[in-house]
Amino acid sequence: MAIQILPTHAFSGQRPGTSGLRKKVTVFMQPMYLENFVQALFDVLNGVAADGSVGTALHGHTLVLGGDGRFYNRQAVQTILKLAAANGVQRVLLGQGGILSTPAVSAVIRGRQAFGGIVLSASHNPGGPDGDFGIKYNASNGGPANETLTEAVYARTQVLTQVRRSDAPDINIDTLGTCQVEQMQVDVIDPVADYAAVMRSLFDFEMLRGMFQKGFTMRVDAMNAVGGPYAKAILEGELGAPAGTVVNGSPLEDFGGLHPDPNPVNAEDLINHMMAADAPDFGAAMDGDADRNMVLGRKFVVSPSDSLALMTAHARLIPGYKEGLLGVARSMPTSAAVDRVAKAMGLDCYETPTGWKFFGNLLDAGRVTLCGEESYGTGSSHVREKDGLWAILFWLSLQGATGRSVESLVREHWRTYGRNYYSRHDYEAIQTAVADALITDLRAALPALQGQTFGKRAVTVADDFAYTDPVDGSVSARQGIRIIFDDGARVIFRLSGTGTEGATLRIYLENYEADVLQQDRAAQEALSDLIALAEQLSGVRGRTGMARPTVAT
Ligand code: VG1
Ligand code: CO
């Protein structure tokens with residue numbers, strides 16, 4: 001076995017988006033493509049000096065490695081092991097079969113004090129040979145690489161000329177145990193064990209077991225993605241939920257043709273089950289890498305923004321949060337429902353740009369305990385990622401502790417705090433030039449919008465959201481165009497940073513309703529005037545020729 005030095009050339013267009021590098025599988029399978037990115041990452045972790053020479057900061061350290069099991073996961077694992085062995089990594093903790101969910105990677109990094117970890121996933125993007133692949137790096141706090149590190153890796157991919165790789169044969173990644181690649185030790189670990197231990201430390205497993213014993217029914221759709229093994233081991237294994245509670249529970253390379261982006265369109269099957277006469281008490285789904293959650297009651301869908309607000313209001317019912325919360329954070333486009341709870345409870349509430357990496361500093365500094373995004377993501381300080389199964393266990397526990405249904409919990413919440421009607425309209429696969437022009441024109445129109453009235457509403461803020469991290473002072477500009485009205489309504493425009501085909505425009509719509517008698521309308525109806533206004537301001541339908549959004553959540 002020997003370390004080879006292989007020539008590579010700079011790849012353009014490798015700029016990572018909201019969470020890591022995501023491209024079509026066919027792009028990732030180009031010779032040296034994955035290698036180029038991984039070598040750039042290792043160079044940056046080892047330290048790149050001003051003269052371009054690479055240091056040894058990574059030498060002697062441990063990395064965690066695993067992915068969501070999608071097509072190319074297994075090959076990518078073998079490639080990364082060979083590069084890691086040639087770049088000074090001492091030990092890799094590899095999930096068995098190359099499997100680790102995003103929150104599990106975070107839990108393993110933190111629990112075993114690893115230097116960092118690599119997650120192989122394109123998360124909610126489709127998989128299979130024609131689908132997407134992705135890679136992201138998580139730092140020693142267990143959280144996504146910050147913008148500085150991400151930019152440094154990108155810059156390095158542009159100037160890289162060499163890749164260091166071992167020519168060792170592939171290893172067996174399916175059997176628990178230890179083996180070697182060159183001098184590097186590889187420990188193939190149980191993907192679930194570390195994560196399950198964290199869940200046990202937060203939730204009252206005895207109480208949850210009692211619920212299932214008394215006949216509580218639940219349907220979890222793992223969408224043939226990585227959440228299946230975790231949900232089966234914890235819900236059916238430890239908590240005694242009947243076999244079959246978890247459906248689509250084995251990770252498949254193409255997700256069995258499903259699109260593991262749990263929303264009302266892709267998780268239609270689950271919604272149909274929850275709307276049926278014999279619906280179970282509780283329904284839930286997770287995405288490709290199991291960091292997202294969708295929760296439903298019988299004949300009742302929970303909006304992710306409401307979910308964060310309810311979790312905040314009831315957190316003390318959960319053993320892991322019985323001392324109360326340090327504070328809460330939400331991404332800017334997420335509804336302000338949680339803000340109202342935080343205000344009532346005297347908690348600090350932070351507003352960050354989209355993407356979990358922005359919560360890391362707040363969590364590390366002990367400023368917040370819970371975080372959430374409108375995109376079906378919620379999480380807490382137990383790891384540094386959003387966490388799908390954690391959210392499901394949280395909602396299960398809320399039902400157990402209160403004896404109330406999902407619907408009654410949410411309706412009571414609206415009665416107390418008012419309802420933030422909310423919807424996100426996605427226009428997918430727009431031509432990039434059309435999307436860029438739309439945003440440029442909106443940006444140019446912002447100064448004139450200030451103070452203008454539309455019907456009974458006056459614009460109080462019209463800007464492009466900029467965020468100054470309260471912990472390290474770093475500034476992230478151009479994070480979404482927001483138009484906020486004097487009655488709390490908001491319309492926000494943002495381009496996705498995770499898509500791989502053209503551009504995706506996201507329009508976020510929010511309207512606050514305090515009147516209990518007005519809280520039972522369909523969201524699209526309650527938001528209809530804002531939907532019309534968004535069209536008036538952006539002209540998205542005319543510009544794209546699309547009569548309606550691809551997905552409305
Ligand atoms: C989307 C969501 C964002 C989320 C990100 C990663 O990003 O809007 O809230 O953090 O996906 O989620 P964008 O840039 O496409 O809007 V995951 O579960 O795909 O890692
Ligand atoms: Co995800």
Side-chain angles (χ1 to χ4, degrees), residues 15-22 67-70 100-106 119-127 131-138 143-145 147 150 222-223 225-227 230 251 255 259-263 266 285-294 304-305 307-308 329-335 351-360 371-379 383-391 422 424-430 435 439 465 476 478-481 492-508 550-551 553:
R15 182 180 286 278
T18 311
S19 40
L21 180 67
R22 282 183 202 176
D68 65 11
R70 70 178 60 218
L100 277 172
S101 74
T102 287
V105 168
S106 193
V119 189
L120 302 174
S121 173
S123 185
H124 61 282
N125 296 25
D132 293 346
F133 191 73
I135 178 167
K136 61 182 176 176
Y137 178 72
N138 284 23
E147 297 234 290
T150 305
M223 304 189 86
V226 80
Y230 297 85
F255 304 126
H259 183 178
D261 178 1
N263 62 37
N266 299 319
M286 290 172 281
D287 73 333
D289 58 338
D291 58 355
R292 295 188 183 201
N293 74 92
M294 182 167 83
S305 297
S307 177
L308 176 64
R330 63 163 171 86
S331 68
M332 183 274 283
T334 304
S335 97
E351 184 178 38
T352 61
T354 294
W356 211 261
K357 61 184 165 218
F358 294 103
F359 294 134
C371 309
E373 295 192 279
E374 49 65 41
S375 51
Y376 298 88
T378 23
V383 287
R384 291 293 179 276
E385 290 278 6
K386 54 189 185 271
D387 188 343
L389 189 52
W390 167 87
Y422 191 83
R424 185 177 100 184
H425 289 192
D426 292 340
Y427 291 83
E428 293 176 359
I430 310 177
I439 292 289
F465 182 59
S476 304
R478 299 194 156 192
Q479 296 295 321
I481 288 171
I492 292 152
F493 300 88
R494 218 191 123 251
L495 294 181
S496 158
T498 59
T500 57
E501 259 172 74
T504 292
L505 175 72
R506 305 204 195 283
I507 304 179
Y508 308 84
T550 321
V551 183
T553 56

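Worth saying up front: this structure is predicted, and the values here are computed from it rather than measured. What's counted below: heavy atoms across the whole structure, side chains too, no hydrogens, waters or symmetry copies. Whatever order the structure lists them in is the order used to number ligands and atoms, beginning at 1.
- Of the candidates K386, H124, R494, the one placing a heavy atom closest to atom 12 (O) of ligand 1 is K386.
- Interface of R424 with ligand 1, defined as ligand atoms under 4.0 Å from a residue heavy atom, comprises 8 (O).
- A donor and an acceptor atom, one from each side chain of T378 and N293, are located under 3.5 Å apart.
- Residue D287 approaches the Co ion (ligand 2) most closely through its N/O/S atom OD2.
- For the 3.5 Å distance criterion, the side chains of R506 and H425 fail to qualify, holding no donor opposite an acceptor.
- Looking at D291 next to ligand 1, an N or O pair under 3.5 Å apart turns up.
- For P353 against S476, the heavy-atom pair with the smallest separation is CG-CB, 4.5 Å.
- The Co ion (ligand 2) lies at 2.8 Å or more from every N, O or S atom belonging to S121.
- At a 4.0 Å cut-off, at least one heavy atom of G355 sits close enough to ligand 1 to count as contact.
- Of all the N, O or S atoms in D289, the one closest to the Co ion (ligand 2) is OD1.
- Using a non-hydrogen distance threshold of 4.0 Å, R22 registers as a contact of ligand 1.
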Go through the steps to decide whether T352 and M332 satisfy the test side chain to side chain contact (heavy atoms under 4.5 Å, CB included), and finish with yes or no. CA-CA 6 Å; T352 61; M332 183 274 283; over 6 Å; no
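- For D261 and R292, the salt-bridge test passes: some basic side-chain N is under 4.0 Å from an acidic carboxylate O.
- A salt bridge does not link E373 to R330: none of the charged nitrogens lies less than 4.0 Å from a carboxylate oxygen.
- Residue-ligand proximity, D287 to ligand 1, at heavy-atom distances under 4.0 Å covers atoms 18 (O).
- When E385, E373, R506 are ranked by how near their heavy atoms come to atom 4 (C) of ligand 1, first place goes to E373.
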Pair E385, K136 - check salt bridge (charged side-chain N to carboxylate O under 4.0 Å, His left out), show working. CA-CA 12 Å; E385 290 278 6; K136 61 182 176 176; 3.7 Å; yes
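- Some N or O of R292 is nearer than 3.5 Å to an N or O of ligand 1, by distance alone.
- Annotation: angle subtended at the Co ion (ligand 2) by S123 OG and D291 OD1 is 170°, to 10°.
- A side-chain donor from one of S123 and D289 sits under 3.5 Å from a side-chain acceptor of the other.
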